[in-house]
Structures are given as C-alpha cells and as structure tokens.
Engineer: 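Let me begin by handing over the structure; questions about it come next.
By convention in this document, chain letters (A, B, ...) are assigned in the order of the sequence lines, proteins followed by strands, and residues within each chain are numbered from 1.
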Number of protein chains: 2
Amino acid sequence: MSKIKETSTNFANKAALSDECPEVYTANLIGGQWALVICSWLMQGKLRFGELRKLLPNITERMLTLQLRRLEANHIVKRTVYAEVPPRVEYELTPIGYDLKPVIKELEKWGEKHKSL
Amino acid sequence: MSKIKETSTNFANKAALSDECPEVYTANLIGGQWALVICSWLMQGKLRFGELRKLLPNITERMLTLQLRRLEANHIVKRTVYAEVPPRVEYELTPIGYDLKPVIKELEKWGEKHKSL
DNA sequence: TGCGGTACTATAAGAAATGTAAGTAATGTC
DNA sequence: GACATTACTTACATTTCTTATAGTACCGCA
C-alpha cells in the first residue's frame, strides 16, 4: 500500500473493470489483505485501534492503519477520535459498511462449502 | 503471479487468515485482478480461450492463462482440450464454480448501492 | 516452402502490496 | 525528570502481482 501510479496500465485496467463491473468494484474495495477481517470484527460493534490490533495478532500497526484509512476513505468505517491522553480512537462501521453483512455471509458460506470438498 | 515464497510472513498471515475465516478464504480464491470477471462471464456458459480474451480486451494472454490455471487448480473451472489443429480449449465453471453466483450477486448489489452514494 | 490460426510458455521488468524497525506527541504517575 | 500508554508516522526492504514482449507446436492450405 503506497501511492498508486495513475499512469500505469495496471491502474487503468483496474479502473476500467471497477467501472464496468460492480462486483469487481466491491472486490477492490474490500480486497486488501486485512480489510475483510476488520469488517467482520466491526460487524459486532465498534472497536478501538488497540483492540483491533489484539484481535488480529499478526497485523502490524502500519497495515492496520493503512487498511483502516482506506476503509474510512471509502466510507465503510467511521473514525472517532477522543481528545484524551493517551489518545483513544474508535472505529465503527457506517450504514453502508453494515450492508456488507450479506456479502460477507455469502463469501463465508461458499468458503465453507468449498473447503469441505 | 509467480511462485509464492512459503517462508514469508505475508504468506503465513494469508494462510492463517484463510484458515480461520472462510470469507477470507473465498476472497483469496476469487481475488485476483481478473478472476471475478472471468467467473462472471463463464456464468453464462462455456467459452474458449480466445473468446475470453476478446471479452477482456486489456488482459494479456499470460494473465488469462495464469488466472484460468489458478481457477482450475481450485476446481472452480473445468478445462477441456480438444485435440485438434489449431487447438481448441474450452473453459466452463464446475458446479462449485456455479455456486459462486449468489456471492457475485451480493458483491454486485453492494457495489451498485455503494457507487450511487 | 511459407503463412495463418490457436492456445499457450518463457523471461524480464514494472507496479503495488505488505512487512520491519524505529520514532513521535501528549500527559499523568512514580 | 524518567517512564508508561496509545495511536499513530516515517523510511526502507521485501514479496507478490501485473504487464510487456517474444517466442513455441501443430497442421492444413496455397
């Protein structure tokens, strides 16, 4: 996750597909390494940065930050900062974020079925 | 798409998540740049290599091959080679591949809703 | 003999995602 | 004044994904 190069063929291809296919659009939004798990956890309610970090034992702080920022930029999660010391930041799904529930459910269902083959 | 390094932290993380979360497992299987679109097209019936290539104007033959092979390895598509000259190869979803239909539908629905925000 | 068509393969290079390690601010407590 | 706490940020390294380009085998046909 760094700046993307808006002149690359890769970028253009992704954009074109995203544009034409809503399913690819969605996949691109929730397709990071950790985005889906984060959303899954947040389905159950708001969580602090540190709580998320503990729930995802192997994630680095950098990745967690990046993914959360991306989700925030896409209006999937809401970030609330409390002006305290030490700082407290809470993450929560937005309404459209919660709407991912059936999506995740289907992914889950299929995954379980496929795994058992 | 090349060999993955099975000693990398990245690999370990992906494997662990895939293992624990069926939704991540699914996302990893259909999450390539082109996999989802390929599946979408194949939902409508079997297609030849060349037909797929024409349907996905910007894909390189290499990527198409790689993605198809990956989908094949995961039993999502079936590959049928006809011993003719010039060669003819047909790709078709397997039953579990067709089962992706509701998944794709949900991804699509959410994508459309989210896009219109 | 040379060309066209199909479905590839090989190799290299470029881009993007992820990981590693270290450091920051602010403040209350010891 | 040193230290712990929390949620980051920064710089850099590594890994993975995608693209680019050039080939290959096969056979029928001209």
Engineer: Please identify each residue that fulfils side chain to side chain contact (heavy atoms under 4.5 Å, CB included) with B:Lys101, with sequence neighbours left out.
Structural biologist: B:Met43
Engineer: What side-chain donor-acceptor pairs closer than 3.5 Å can you find for residues 12-23 of chain A, not counting sequence neighbours?
Structural biologist:
from	atom 1	to	atom 2	distance (Å)
A:Ser18	OG	A:Asn28	ND2	3.1
A:Glu23	OE2	B:Ser40	OG	2.7

Engineer: Do any of residues 25-51 of chain B sit with a heavy atom less than 4.0 Å from DNA chain C, and if so which?
Structural biologist: B:Arg48, B:Phe49, B:Gly50
Engineer: What integer distance in Å separates A:Arg70:CZ from C:dA16:P?
Structural biologist: 13 Å
Engineer: Between B:Asn10 and A:Thr7, just flag the one whose closest nucleotide in DNA chain C comes earlier from the 5' side.
Structural biologist: A:Thr7
Engineer: D:dT9, C:dT9, C:dA7: which one has an atom nearest the side-chain heavy atoms of A:Thr65?
Structural biologist: D:dT9
Engineer: Could you pull out all residues at least two apart from B:Thr60 that satisfy side-chain hydrogen bond (donor to acceptor under 3.5 Å, both in side chains)?
Structural biologist: none
Engineer: Given atom CD1 of A:Ile59 and atom C1' of C:dA17, what is their separation to the nearest angstrom?
Structural biologist: 13 Å
Engineer: Would you kindly give the CD-to-C1' distance between A:Glu84 and D:dA7, to the nearest whole Å?
Structural biologist: 12 Å
Engineer: According to ring-ring contact (aromatic ring centres under 6.0 Å, His included), who are the partners of B:Tyr25, at least two apart in sequence or on a separate chain?
Structural biologist: A:His114
Engineer: If I take atom NZ in residue B:Lys14 and atom P in nucleotide D:dT16, what distance separates them, rounded to the nearest angstrom?
Structural biologist: 8 Å
Engineer: Students often get this wrong, so: under 4.0 angstrom with heavy atoms, is B:Tyr82 touching a base, only sugar-phosphate, or nothing?
Structural biologist: nothing
Engineer: Would you mind reading off the distance between B:Arg79 atom CZ and C:dA7 atom P, rounded to a whole angstrom?
Structural biologist: 10 Å
Engineer: Rounding to an integer number of Å, can you tell me how far B:Leu64 CG sits from D:dC17 P?
Structural biologist: 17 Å
Engineer: Base, backbone or nothing for each nucleotide of nucleotides 20-30 of chain D, written B, S, -, heavy atoms under 4.0 angstrom, 5' to 3'?
Structural biologist: B-----BB---
